[in-house]
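Encoded as structure tokens, the structure appears first; notes follow it.
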Amino acid sequence: MQFVRLEKDKGSKQLGFTEFEKKVLRCVLTIPLGETRTYKWVAEKIGRPKSARAVGNVLNKNPFPLIIPCHRVIKSSGSIGGFSCGKANKKKLINLEKKIKNMLK
DNA sequence: GCGGGCCTTCATT
DNA sequence: AATGAAGGCCCGC
């Protein structure tokens with residue numbers, strides 16, 4: 001059952017980040033408030049234009065879903081795509097951030 | 001809208 | 001070390 005991955009007490013998982021993860025997280029963190037970027041954008045930024053999927057994978061299991069602005073990352077088509085914490089909230093968050101940006105303007 | 005392909009990580013053999 | 005599986009996708013038709 002590889003689907004049911006029980007979190008071992010310790011030492012089973014990678015405690016550190018891989019270079020790929022670091023690059024992705026860094027790029028995502030550089031996204032300004034109220035701005036939305038695409039997975040492609042991040043992929044190109046990290047030097048892997050075709051790894052948009054891998055980018056999504058990192059964000060999917062990213063260590064801090066609430067800290068990493070994964071909700072600012074959307075699909076190239078303009079759709080929300082998916083979100084670790086719920087797509088519904090993602091849309092709201094984007095809208096909310098846009099509002100905040102407008103307020104600060 | 002559908003189908004195929006790209007890239008990375010993790011678990012198992 | 002190698003293989004299989006999955007993931008929040010992208011591109012072309």
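Reminder, nothing fancy here: chain letters follow the sequence lines and each chain counts from 1. Side-chain atoms are counted along with the backbone in the values below, which use heavy atoms only and exclude waters and symmetry mates.
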Practice problem: Look at all strands and tell whether A:Ser84 reaches a base, only sugar-phosphate, or nothing, counting heavy atoms closer than 4.0 Å. | Solution: base
Quiz item: What are the residues of residues 26-49 of chain A, sorted by number, that bring a heavy atom to within less than 4.0 Å of DNA chain C?
Solution: A:Tyr39, A:Lys40
Quiz item: Reckon A:Lys61 touches a base, only the sugar-phosphate, or nothing at all at heavy-atom distances under 4.0 Å?
Solution: sugar-phosphate
Practice problem: Could you pick out which residue, A:Glu19 or A:Ala52, lies toward the 5' side of DNA chain B when each is mapped onto its nearest nucleotide? | Solution: A:Ala52
Exercise. Please report, rounded to the nearest Å, how far the C1' atom of B:dG4 is from the CZ atom of A:Arg53.
Key: 10 Å
Quiz item: Does a salt bridge link A:Glu44 with A:Lys40, judged by any charged N lying under 4.0 Å from a carboxylate O?
Solution: yes
Exercise. Dot-bracket notation for DNA chain B is requested: 5' to 3', Watson-Crick or G-U wobble pairs only, both distances under 3.5 Å, with ( ), [ ], | and . as defined.
Key: |||||.|||||||
Quiz item: Is the CZ atom of A:Arg48 crowded by more than 12 outside heavy atoms at less than 6.0 Å?
Solution: no
Quiz item: Is the side chain of A:Lys45 donor-acceptor paired with the backbone N or O of A:Val28 at a distance under 3.5 Å, no angle test?
Solution: no
Exercise. Nearest-nucleotide wise, let me know which of A:Val55 and A:Ser77 is further upstream toward the 5' end of DNA chain C.
Key: A:Val55
Quiz item: Would you say a side-chain N or O of A:Ser51 is under 4.0 Å from OP1 or OP2 of B:dT8?
Solution: no
Quiz item: Salt-bridged, A:Lys61 to A:Glu21, with N to O below 4.0 Å?
Solution: yes
Quiz item: Same cluster or not: are A:Val24 and A:Trp41 linked, directly or through other Ile, Leu, Val, Met, Phe, Trp or Tyr residues, by side-chain heavy atoms under 4.5 angstrom apart?
Solution: yes
